[in-house]
Amino acid sequence: MEGPELWRELGQQLRVDSVRCAAEAKSGHPTSGMSGADLMAVLLAKYLRYDFDNPKDPANDRLVFSKGHASTLLYAMYRAAGVISDEELLTYRQFSSIFEGHPTPRIPWVDVATGSLGQGLPYGVGMAIAGKRLDETPMRAWILIGDSEMAEGSQWEGFEHAAYYELDNIVAVLDINRLGQRGETMHGWDLDSYANRARAFGWHAIEIDGHDVEEIDQAYGEAIASDRPVAIVARTIKGKGVKAVEDKPGWHGKALDDPEQAIEELGGIRNIVVQVAKPETSGRTVEIERAELELPRYELGDEVATRKAYGEALAALGKARGDVVAMDGEVSNSTFAEIFRDAVPERYFEMFIAEEQLVATAVGMQVTGWRPFASTFAAFISRAYDFVRMSAISRANYCLSGSHAGVSIGEDGPSQMALEDIAALRAVHGSTVLHPCDANQTAKLVAKMADNEGISYIRTLRPNTAVIYEPGDDFEIGGSRTLREGDDIALVAAGITVHEALEAADALAADGIEARVIDLYSIKPLDEEAIRSLAMPIVTVEDHWAEGGLGEAVLAALADSEERPRVELLAVREMPHSGKPAELLAEAGIDAAHIADAARRLVGAAVSA
């Protein structure tokens, strides 16, 4: 059995297996898998180039289920490819199984977690850029997309960037089955509405019957011959093949009531195994080279913005390490990623004002071992926060830089002031959150981020700050630095407030109060040992909202201590506005004068107690 006959039978097998595993779990989205079964049957049997024994090979095609809820179909494909058994398929959604309700990289052949809709195509764009411009392999990114998720703006960021980067190695397969979770989608079966918009973005669009395997075959052949990104807009039927659920609302996310009857109607259980073709080559074409890292060095007392030190350190890292790539959201002259762009232009990618695609590109590129650094204003990372959240589920390794943090940016006003970013990034599973206060510290931490697991975030400042560390000083992730010794009060700060705390310590010394100043540059992981060793009252100070920031991290470290010192949290608590940095720090109560006042109150309270 081969050709159209094989494809039709395989499509039915994929439907049957979608019904079976959902029936076993008594949950799932089998009708969503059933609509795309023929599309995936032809892909698996003829067009996909993938070595299941070497899933991270850069030469492999990439298959992304943007409609991650159709996981029954993906897992049925794995059984058809002979890489999982029938018994494994039927562990779907069980506590002990890697075959979860939505696919994650716990499964070795899944590159990115999906399920939050609208993300698969942007990830695919990152993979396709890596394949074409970095790995230089003939790989192709195949993205199965649901029609409901086409309402997400992130999809159109993906369409725009795929066209801009001339990605002739990406194929978006749109499964237009008309029905979403609660009823008909925005455009129903109006295929033109999808195809015409794809064409407007510069894509080649092909409209087909998504259940006619000959049409699917012809469309895939046309796609791989195209010199542009391709969107295959396929009219499909949700629940195809089972009259009880076929094109009927109310069956999204439900196992079928009578799976045995459905399986019989679909022609019964089949055990077709197809030999998925492997890529003709293996590995990337280019060789990743390494040289000695020479970080920039800054002299004590110089005034340098940490955002500029980030750019200079990143450029040095890029010249020393051939696996480092950078991307920015059209603010590279402010984040100073432009220094990397000028030094290593072949590994720099402009993502324009599209923060979701910015993060998605980083996640897509790290799949084949690249080390991405993505930068934008810290305030704008919030626009891509769902991508950051999902990338933790993807077990992704990449670095984020957020500049222009806090009220210290000055006159631009609150729309540009990141005051939530520490809390947001701290909440991401397995993340690292760093907030350096000077240029030498920034450079060293940028280098450490390149080898750090998970999502590493560095928060940088707009204003110039004094260099207070020697070029030879080293800084470990998870560490802190005591800048002044003192036993009366501890001033714990990071970033701009370290400089304010040092000034406050000078003022307190004039009053006979000895303040210990701690630079808590690693907010996650935190130097809990240093914090728990403090026996004196503590003032924490941060250019961030009080909720979820440095102060609360310190309180969490002290939570299970039997004897805890008194802690006062200084943070931004009222909505800021335009003004000079010094004015805004003072109004927020986080400048040197307010730190010294808080310290005096705590010392006084301790003495009277």
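- Of the residues listed (Asp190, Leu191, Ile145, Ile208), the one engaging Val233 in a side-chain contact (heavy atoms from CB on, under 4.5 Å) is Leu191, and it is the only one.
- There is no side-chain donor-acceptor pair under 3.5 Å between Arg79 and Ser85.
- Using cut-offs of 30° and 60° on the angle between ring planes, the pair Phe387 and Tyr123 is perpendicular.
- A search for side chain to side chain contact (heavy atoms under 4.5 Å, CB included) contacts involving Gln416 returns Phe377, Phe380, Ile409, Asp412, not counting sequence neighbours.
- Taking a cutoff of 4.0 Å between a charged side-chain nitrogen and a carboxylate oxygen, Asp247 and Lys240 do not qualify as a salt bridge.
- Environment of NZ in Lys243: sparse, with no more than 12 heavy atoms of neighbouring residues, nucleotides or ligands closer than 6.0 Å.
- Aromatic ring pairs are classed by plane angle as parallel below 30°, tilted from 30° to 60° and perpendicular above 60°; the pair Tyr75 and Tyr92 is perpendicular.
- Classification of Arg178 and Asp147 as a salt-bridged pair fails, no side-chain N sitting under 4.0 Å from a carboxylate O.
- Under the 6.0 Å cut-off for aromatic ring centres, Trp142 and Tyr50 do not qualify, their centroids lying 6.0 Å or more apart.
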Inset, instruction - Using the ring pair (Phe, Tyr, Trp, His ring centres under 6.0 Å) rule, take Phe340 and Phe373 through it: C-alpha gap first, then chi angles, then the decisive distance, then the call. - result: CA-CA 10 Å; Phe340 181 100; Phe373 281 75; 8.1 Å; no
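- Cation-pi geometry between Arg347 and Trp370 is not met at under 6.0 angstrom from the ring centre and within 45 degrees of the axis.
- A salt bridge links Arg8 with Glu214; the closest basic N to acidic carboxylate O contact falls under 4.0 Å.
- By the 30° and 60° cut-offs, the orientation of the rings of His69 relative to His252 is tilted.
- Under 4.0 Å is where a charged nitrogen must lie from a carboxylate oxygen, and between Glu166 and Arg228 no such pair does.
- Using a cutoff of 4.0 Å between basic side-chain nitrogens and carboxylate oxygens, Lys132 and Asp168 are scored as salt-bridged.
- Of the charged side-chain nitrogens involved, none lies within less than 4.0 Å of a carboxylate oxygen, so that Glu136 and Arg284 do not count as a salt-bridged pair.
- With sequence neighbours excluded, the residues forming a side chain to side chain donor-acceptor pair (under 3.5 Å) with Asn196 are Arg199, listed by chain and number.
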